[in-house]
Amino acid sequence: MAFVIGVATLTLLTRVCSQTSPEPLQISAAKIDFGEAAVDSDNPPHNITLTNPTRSNINIEQIITSGIDFSQKNGCGQSLAPGAQCTIKVFFNPATSGPRMGNLVVMGSDPASPHFIALNGIGI
């Protein structure tokens with residue numbers, strides 16, 4: 001009788017682990033190339049879409065850009081529901097001329113976090 005209970009418990013634990021094992025957040029692009037843009041000008045944003053492919057919420061802890069030439073605005077909130085998507089608008093406003101580089105960084109509760117999206121553009 002004790003053997004049957006042990007097997008039942010092991011089966012239950014296996015099912016719980018496989019259902020709650022998080023998958024990585026899906027991100028629509030690994031890099032953005034803005035091309036050429038005038039220094040200190042307003043340029044249209046490029047969009048990045050985050051998708052939660054899991055059956056549980058993924059916490060969005062922080063979304064930031066590096067480099068003085070890039071910024072972002074998003075409506076992702078603090079959590080992304082199962083199957084939900086949100087959009088990050090990434091802006092390029094070169095401070096000086098020449099090649100400009102940075103990253104969009106998305107930090108969350110999924111196992112692949114943090115996510116880095118390369119940002120490139122040329123100030124003219």
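Positions are given from 1, in the same order as the sequence printed here.
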Quick check: closest heavy atoms across [X] and [Y], and the distance to 0.1 Å?
X: Ser56; Y: Thr54; answer: O-OG1, 2.6 Å
X: Ala38; Y: Pro94; answer: O-CG, 3.5 Å
X: Val105; Y: Pro114; answer: CG1-CB, 4.2 Å
X: Asp110; Y: Leu25; answer: OD2-N, 3.1 Å
X: Gly123; Y: Phe92; answer: N-CZ, 4.2 Å
X: Pro53; Y: Pro24; answer: CG-O, 3.4 Å

Heavy-atom side-chain proximity of [X] to [Y] below 4.5 angstrom:
X: Asn47; Y: Val90; result: no
X: Thr96; Y: Val39; result: no
X: Cys76; Y: Leu50; result: yes
X: His115; Y: Leu104; result: no
X: Leu80; Y: Cys86; result: yes
X: Asn57; Y: Pro82; result: yes
X: Gln72; Y: Phe91; result: no
X: Ile117; Y: Ile27; result: yes

Taking the side chain from [X] and the backbone from [Y], do they hold a donor-acceptor pair closer than 3.5 Å?
X: Asp69; Y: Ala95; answer: yes
X: Ser66; Y: Asn103; answer: yes
X: Thr65; Y: Phe70; answer: yes
X: Asn59; Y: Glu61; answer: no
X: Asp33; Y: Lys31; answer: no

Could you label the plane-to-plane angle of the Phe34 and His46 rings as parallel, tilted or perpendicular, counting under 30° as parallel and over 60° as perpendicular?
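The arrangement is perpendicular - the two ring planes meet at more than 60°.
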As a test of understanding, state which of Thr49, Ile88, Thr87 forms a side chain to side chain contact (heavy atoms under 4.5 Å, CB included) with Ser28.
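Testing each of Thr49, Ile88, Thr87 against Ser28, the sole residue satisfying side chain to side chain contact (heavy atoms under 4.5 Å, CB included) is Thr49.
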Derivation of the side chain to side chain contact (heavy atoms under 4.5 Å, CB included) call for Glu36 and Ile124:
CA-CA 6 Å; Glu36 293 182 342; Ile124 54 172; 4.0 Å; yes
Hey, could you give me the CD/CE distance between Gln62 and Met107, rounded to the nearest 0.5 Å?
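Separation between the atoms: 4.0 Å.
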Can you tell me how far CG of Leu119 sits from CZ of Arg100, rounded to the nearest 0.5 angstrom?
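Between atom CZ of Arg100 and atom CG of Leu119 there are 12.5 Å.
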Report, as yes or no, whether the 6.0 Å neighbourhood of atom CE on Met101 holds more than 12 heavy atoms from other residues, nucleotides or ligands.
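Result for CE/Met101: open.
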Between Ile64 and Phe116, is there a shared hydrophobic cluster once you connect ILVMFWY residues whose side-chain heavy atoms come closer than 4.5 Å?
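Hydrophobic grouping puts Ile64 with Phe116.
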